Peer 1: 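Mind having a look at this structure? Questions to follow.
Given the structure is predicted, the values throughout are model-derived calculations rather than measurements.
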Amino acid sequence: MDAEDEIESILYIGREVSVYKIPPLKANEGHRANDWGDLANPLWKGRLRIVEKGSGVMMYFEDPQTGELFAKTKYDPLKPPVDAVLDSSRYFVIRLEDEGKKAYIGMGFAERTDSFDFNVALQDYTKRYKAKLNPPSPTEESTPHVSSGPKKDYSLKEGQTFSINIPGRNRSHGSSGESLLGSSSASSSASSLGGGVPLLPPPPSAPKRR
């Protein structure tokens, strides 16, 4: 697919932006819009479009009526060409790079809501861009490790039985075939009839063998 045939996605449109000529940045200090002179008299006014294609994202400063291009630059999330100024949320410094040439301009929005939307558009694209560079590894997406060893079968097979020995109780007081479940059923039946189940005294201990 040729560059001219790439599908365009509009990330942001600033209907009215102002461009300013800015002085060189002082050492160890940030940019300030108040240093740009008369902000009511910009160098240029027009429209800003941020367009995403398969080859990347471009920022276009153009005439809203004729589409005539004033300036353009590529937006690289790893080396952003946009810097905020220190004294306002509506003004930014843009680094223009085109065909090896580099220049810096000031840019301002008429409304703070426009500058907010501008920031959000760039942040959303940056997140998507970095997510593509660092996709989650298969181990992060997999479920926690569970032992895949064979499961033990504790169920009773046909014909198998088990017995429960209660300490301190002689076999003479109950049938060898008496089940624990049967005893519980009898107790619950007696309770439901309103009669308490008498407690039997403990059986005498068996004589010790000499």
Peer 1: With sequence neighbours left out, what residues match Asp63 under side-chain contact (heavy atoms from CB on, under 4.5 Å)?
Peer 2: Gln65, Thr66, Glu68
Peer 1: For Ile22 and Asp35, what are the C-alpha separation, side-chain angles and deciding distance, and is it a side chain to side chain contact (heavy atoms under 4.5 Å, CB included)?
Peer 2: CA-CA 8 Å; Ile22 62 176; Asp35 296 336; over 6 Å; no
Peer 1: Applying side-chain hydrogen bond (donor to acceptor under 3.5 Å, both in side chains), name anything that partners Arg95, two or more places apart in sequence or on another chain.
Peer 2: Glu97
Peer 1: Ser115 side chain to Ser89 main-chain N or O, any donor-acceptor pair under 3.5 Å?
Peer 2: yes
Peer 1: Checking Asp38 now: which residues fulfil side-chain contact (heavy atoms from CB on, under 4.5 Å) with it, not counting sequence neighbours?
Peer 2: Ala40, Asn41
Peer 1: Quick one, Phe61 and Leu96 - any side-chain contact, counting heavy atoms below 4.5 Å?
Peer 2: yes
Peer 1: Looking at residues at least two apart in the chain, or sitting in another chain, which of them share a side-chain hydrogen bond (donor to acceptor under 3.5 Å, both in side chains) with Glu62?
Peer 2: Arg47, Arg49
Peer 1: Return each pair, listed once, that meets side chain to side chain donor-acceptor pair (under 3.5 Å) where at least one residue sits in residues 8-21; pairs must be two or more places apart or across chains.
Peer 2: Glu8-Lys53, Glu16-Lys45
Peer 1: Looking only at heavy atoms, which two atoms of Trp36 and Pro23 are closest? And how far apart?
Peer 2: CD1-CD, 3.8 Å
Peer 1: How is the hydrophobic cluster of Leu86 composed, in terms of its other members, when Ile, Leu, Val, Met, Phe, Trp and Tyr link through side-chain heavy atoms under 4.5 Å apart, directly or indirectly?
Peer 2: none
Peer 1: Would you call Leu78 and Leu133 a side-chain contact if the rule is heavy atoms closer than 4.5 Å?
Peer 2: yes
Peer 1: Could you give all pairs that pass the salt bridge (Lys or Arg N to Asp or Glu O under 4.0 Å) test and reach residues 102-121, with sequence neighbours left out?
Peer 2: none
Peer 1: To the nearest 0.5 Å, what is the distance between CZ (Arg128) and NZ (Lys130)?
Peer 2: 13.5 Å
Peer 1: Would you sort out whether Val17 and Phe109 count as a side chain to side chain contact (heavy atoms under 4.5 Å, CB included), showing the intermediate values?
Peer 2: CA-CA 5 Å; Val17 297; Phe109 293 96; 3.6 Å; yes
Peer 1: Hydrophobic clusters here meaning ILVMFWY residues chained together by side-chain heavy-atom distances under 4.5 Å, can you tell me if Ile13 and Tyr125 are in one?
Peer 2: no
Peer 1: Check side-chain contact (heavy atoms from CB on, under 4.5 Å) between Val82 and all other residues, then give those that pass, not counting sequence neighbours.
Peer 2: Met59, Tyr75, Phe92, Ile94, Phe118, Leu122
Peer 1: Check side-chain contact (heavy atoms from CB on, under 4.5 Å) between Asp87 and all other residues, then give those that pass, not counting sequence neighbours.
Peer 2: Arg32, Ala33, Asn34, Val85
Peer 1: Contact between Leu25 and Tyr104 at the side-chain level, heavy atoms closer than 4.5 Å - yes or no?
Peer 2: no
Peer 1: Is it the case that one hydrophobic cluster holds both Tyr129 and Ile7, taking links as side-chain heavy atoms less than 4.5 Å apart, direct or via other members?
Peer 2: no
Peer 1: In this structure, would Val57 and Ile10 fall into the same cluster of hydrophobic residues linked by side-chain contacts under 4.5 Å?
Peer 2: no
Peer 1: So, using ring-ring contact (aromatic ring centres under 6.0 Å, His included) as the criterion, who are the partners of Phe70 when residues are at least two apart?
Peer 2: Trp44
